[in-house]
Amino acid sequence: MFKELTDKINYSEVEEEILKFWEENKIFEESVSSRNGKPLYTFYEGPPTANGRPGIHHVMARTLKDAFCRYKTMSGFQVHRKAGWDTHGLPVEIEVEKQIGIKHKDEIIEYGVEKFNKACRESVWKYKVDWETMTREMGYWVDLNDPYVTFHNNYIESIWWALKKYYSKDMIYRGYKIQPYCPRCETPLSSHEVALGYKDVKDPSVYIKMKLKDEVNTHFLVWTTTPWTLISNVALAVHPTIDYVKVELLTSEGEETKPTGEFLILAKARLEILKEKYSIVSEFKGKDLLGKEYERLFNYHEVKEKGWYVVEADFVTTDDGSGIVHMAPAYGEDDYQICRKFNLPTIHPVNKSGEFEDAVTDFKGKFVKDADADIIQNLKARNILYRKEAYLHSYPHCWRCSSPLLYYARDSWYIRTTAYSQRMIELNKQINWIPKEVGEGRFGNWLEENKDWALSRDRYWGTPLPIWVSDDMKEMKCVGSFEELIGAEWLDENGIPTGKFFGKEDLKTLDPHKPTVDKLAFKTVNGKYLKRTPELIDVWFDSGAMPFAQWHYPFENKEIFDSAYPADFISEGIDQTRGWFYTLHSIGTFLFDKPAYKNVLVNELILDKTGQKMSKTKGNTVDPFTLISKYGADATRWYLVSQSPVWRTTLFDEDGIGEVQRKFFSTLVNTYSFFALYANIDAFDFSEPVIPIAERSEIDRWIISSLNTLVKEYKQYMNEYDLTKASRAITDFTLDNLSNWYVRRNRRRFWKSEKGKDKTAAYQTLYECLDAIVKMAAPIAPFLADEMFRNLNTATKKEKFSSVHLAMLPEVNESAIDPSLETRMDRAIRIVGLVRAMRMKSNLKVRQPLKKILIPVKDQTEYLLLKSIEGIILDEVNVKEVDAKIDQDIIKYKIKANFRVLGQKYGKFTAKVAEGIKQFTPIQITKINTEGRIEIVVEEKPVIIVLEDVEIIAEEIKGWMVESDGKITVALDTEITPELRIEGFAREFVSRIQNLRKDSGLEVTDRISIAYSCGDQLAEALYKSTEYIKNETLSVELTRKNLNGNAVKEDINGEQCEISITKVLN
RNA sequence: GGGCCUAUAGCUCAGUUGGUUAGAGCGCACGCCUGAUAAGCGUGAGGUCAGUAGUUCAACUCUACUUAGGCCCA
């Protein structure tokens, strides 16, 4: 027996049952183990961080991951799915700081780094339960029992191994990094934190004159909004191709202007900033200025390198300022990069509280921002201040304490990624990006502009940088495994060697985090101690190392790693382009000289339904748990992937999930229920031999052909990682082809016909369709698909698999695809539509039989085509005859140009020829139609038009009602003869009886007896159709008698009638 | 400032190598159908295919620019 489902199905309950079934029977585990020995399809899970609650975008990302892993499993691959957790980094620290009430980084030391990190280690799992619940409820199959965790010792040891690889090839170096820094909290901020605190503020905007060394009385005009950085000025930058001018300032006395002998250099496009009159002395490009030296403004510091000359930089613009940019490498990223390029000195006279050091004698001890006014005063006194005003702009502030942030050069460790960026670009070409423009554009450009990776972080909770250095930084040692720590000497709290050494037994209890590793030192041959550099590494290195670190490679699992690198598939949000996608690629390229992944599916943001970004402050976030319990995971998943291509932004509208459920899911369930209802009545269990497709009826062959076409398309889309097209194709087939055409057209075969070959064929055909749909839907809607698969399979035992997720996808049966049959059916569907439209317009309901329709056809081929679908059309539109007319005496044709053909032949002449064709007389149309060619004259030139140059469509048929869709024209005979009227009564009457049966709650197999009372005309019609009526309504008796107004009153095509039905007990 | 993406009906989206009636769903109005139907089907209203210029016999489609929005980077 097939389990009967109703459309009142509670999807969440079904899903919970399926979850239990999966868990009790270890279906996920089996879906992996049952593919032992099969080719691997490698998937890498990008580790989420579990100290934030999961949101709807996580459901999206995980649906994609899950769908393709299931798809590949059902295609015969073995797909291991190891979960992972990203557990280090600033977000965790901030969470813990809040928890224990710390505001300042230094307080962590007071609190105790050990205690602090212990708290971090626990805080990491704050929302683990939520993540696990979400993962389970949404049906994301991933092995949560054996995840990789970035703070685990094995994971960290693998990272150390990788870092030593870098180190030993001289790929790690110390440098400066310009970081946003809060002078009050004394901590650098991440870009994420910076974004939180932009405020509009007024800063001084000053133009300064910088005196050229070798031109008399000539100054560069330089603009800055941070006067305090002028102390550290080391160069000026110009754009090489921008026009610059040298001007002489003029004084005016009355009408007269006099030269002052004072010259300024600035960008030509910025002349407007000059407040007095001037005359242009000369004009030149920026590159002509390169190398020109000028006098230092402030001489507090001695430097070795050459500075104070003009360099080129392409970020210089003429949007504001003077087109000449002051360079202070310690305080700006652009400045720093340029100064590295030209080997300029770096002057950093500011302490960690943001105050000038003593060396800056005039301003020492002042907070730099507060020193601005004094510096301006100083410049003014020296007559090198040209102009000063206020400047309103958006400037970042600390999100915790509101102090203006400073951009600071800080000591930092770098990975020299620029050394192999060309190789990254080459290897990127091997990666299949979906969509490809992310790979070529966003990611490609990022690689083109690659900068060295700032690896270190001055924080506490993270993977320690395994480098030990001497106090003078001259000696270094990089540790690439925990064993290499053996022999290191323990230090006490004050950093004094204790004489105790790290031994083999210490390996067992080692916590490779701070502060433990900081207590170890290596003694060098000349007696110096190497101590660990205090920094951690960027958490992005953690996640980028997961291909090998998840396996503790190379210390263990060499074979596993070798067979599982690179990944076949990864999928994350577009925000990972410069995050995980990059770090995987960068580390992979360097260590293994291979891309880390072959296919990467990028998904875009999910916005709310008005296109606004979802955020907690706006309150427009969507809670995945609520959705899943309300609609079920299947509908949510299906909605997310089918709504819009996943690599475009999705506007999330909850109503859409309801629609998916109502339309697709309930139609599918209804179709299944219909099947189950009659299959149970007829005890169909697919035990009969499969009827060859060739021996089935045409409509069976049609749906099987369409189904195979669908399977083919589906696999193509899935192999292109296009879930949107795949899901839409399934939906369209299920709704249009299967439910609204095949099942509707074939209902009678299930409930009427005797058992036999045709009925069996119908059951087998519908079963095969359902079976295939369920399998194709399984990757996206894993619950309902499994429920239906199991229901189908329990009854038929067609497959040995206990779950659809263990089964194989249907194969495409090419020989079952019959394109001409599909075209024919498409034609029939369109004709039926046209006839329905005409019935509509003349108010003739489909139950009223009509005499005939007439369809003009061009030739014998079309005639035969039409005849082959005649039966379907007649039955569907309730008409007695299809007349396929070839003769044209009563049909008026319209002719129009076939531009596609004509355009190639005539080029510029096309429009004129087309106009000529439009003017054809009916005789000319007939001539070209019968003779295949005709000569016309266009602009006095003879032109031969052949049949392929034109399209001829019937437009009107004399005396008939006509409807056309531009290709096919159908005429309908609307006359209702007495015989047709009688038949119409009978059809209408049957319909009423069926409704009554249904309303009375009768089973479809119950027998009834009917009594009715009505006028003579209707009674006569019913009498004549007695057999038909009894047969259709399963009634044993049909009698006319006086019901005295006590029964149901009906209007049968204008005739009043009373009807009563009674169930007959057998 | 740079890179990438997007712009088609009130809303969400299709639209093939350029070819002459630009489609679907939702919503709205009206009607029909129904022993699988809380469903479905049909009809109707609703489009300067963001704008401008260009290429072409022909542009929603190709090119350039502009405008608006989004994401990323500076």
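Every chain is numbered from 1 and lettered A, B, ... according to where its sequence line falls, protein lines coming before strand lines.
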Nucleotide nearest L651(A) (side chain, heavy atoms from C-beta), chosen from rC4(B), rC72(B), rU12(B): rU12(B)
Touch class at under 4.0 angstrom, heavy-atom based, for E449(A) against every strand present: nothing
P spacing across the pair rA24(B) / rA9(B), given as an integer number of angstrom: 14 Å
Side chain to side chain, W647(A) and L601(A), heavy atoms closer than 4.5 Å: yes
Proximity of F581(A) and W433(A) rings by center, below 6.0 Å: yes
Pi stacking test for F899(A) and rU20(B): under 5.5 Å apart, planes under 30°: yes
Pairwise 5' ranking along RNA chain B for T650(A) and V743(A), keeping only the more 5' one: T650(A)
Phosphate OP1/OP2 of rC41(B): any N740(A) side-chain N/O under 4.0 Å: yes
Sugar-phosphate only, base, or nothing, as touched by Y672(A) at under 4.0 Å among non-hydrogen atoms: nothing
Value in whole Å for how far the P atom of rU12(B) lies from CZ of F664(A): 24 Å
Sugar-phosphate, base or nothing in reach of S991(A), heavy atoms under 4.0 Å: sugar-phosphate
Strand partner of rU61(B), provided both Watson-Crick or wobble distances fall under 3.5 Å: none
Side-chain heavy-atom pair E720(A), Y717(A) within 4.5 angstrom cut-off: yes
C1' gap between rC49(B) and rU6(B), integer Å: 14 Å
For rA68(B), the Watson-Crick or wobble counterpart (both distances under 3.5 Å): rU6(B)
Counterpart base for rA14(B), defined by Watson-Crick or G-U wobble contacts under 3.5 Å: none
I681(A) CD1 - rA36(B) P separation (whole Å): 10 Å
Length of the CD-C1' vector between E713(A) and rA14(B), whole Å: 14 Å
Pairing partner (Watson-Crick or G-U wobble, both distances under 3.5 angstrom) of rC28(B): rG44(B)
Pairwise P distance for rU52(B) and rA59(B), with rounding to whole Å: 14 Å
Sugar-phosphate only, base, or nothing, as touched by L677(A) at under 4.0 Å among non-hydrogen atoms: nothing
Non-hydrogen atoms of D335(A) and A328(A) that approach each other most closely: OD2-N, 2.9 Å
Pair partner, rU56(B) [Watson-Crick or wobble, under 3.5 Å]: none
Side-chain N or O of R648(A) closer than 4.0 Å to phosphate OP1/OP2 of rU6(B): yes
Under-3.5 Å donor-acceptor pair between S739(A) side chain and rA36(B) base: yes
Separation of the P atoms in rA68(B) and rA29(B), to the nearest angstrom: 38 Å
Atom pair distance, as rounded to whole Å: NZ in K436(A) and P in rC5(B): 9 Å
Separation of atom CD in E604(A) from atom C1' in rC72(B), rounded to whole Å: 10 Å
N791(A) CG to rA36(B) P, straight-line distance once rounded to whole Å: 20 Å
Distance, C1' atom - from rG25(B) to rG42(B), rounded to whole angstrom: 15 Å
First encountered from the 5' end of RNA chain B, between N898(A) and R442(A): N898(A)
I574(A) side chain, from C-beta outward: closest of rC71(B), rC13(B), rG40(B): rC71(B)
Nearest-angstrom distance, C1' atom, rG46(B) to rG27(B): 11 Å
Sugar-phosphate, base or nothing in reach of P435(A), heavy atoms under 4.0 Å: nothing
Separation of rG19(B) P from R900(A) CZ (nearest whole Å): 6 Å
Whether Y767(A) and F675(A) hold their rings parallel, tilted or perpendicular, with breakpoints at 30° and 60°: tilted
Side chain of E659(A) - closest among rA36(B), rC26(B), rC13(B): rC26(B)
Backbone of F684(A) reached by a side-chain donor or acceptor of D682(A) within 3.5 Å: no
Nearest-Å distance for atom pair CZ/P, residues F665(A) and rG25(B): 19 Å
rG40(B) phosphate, OP1 or OP2, under 4.0 Å from K663(A) side-chain N/O: yes
Mutual orientation of the aromatic rings belonging to F750(A) and Y678(A) [parallel < 30°, tilted 30-60°, perpendicular > 60°]: tilted
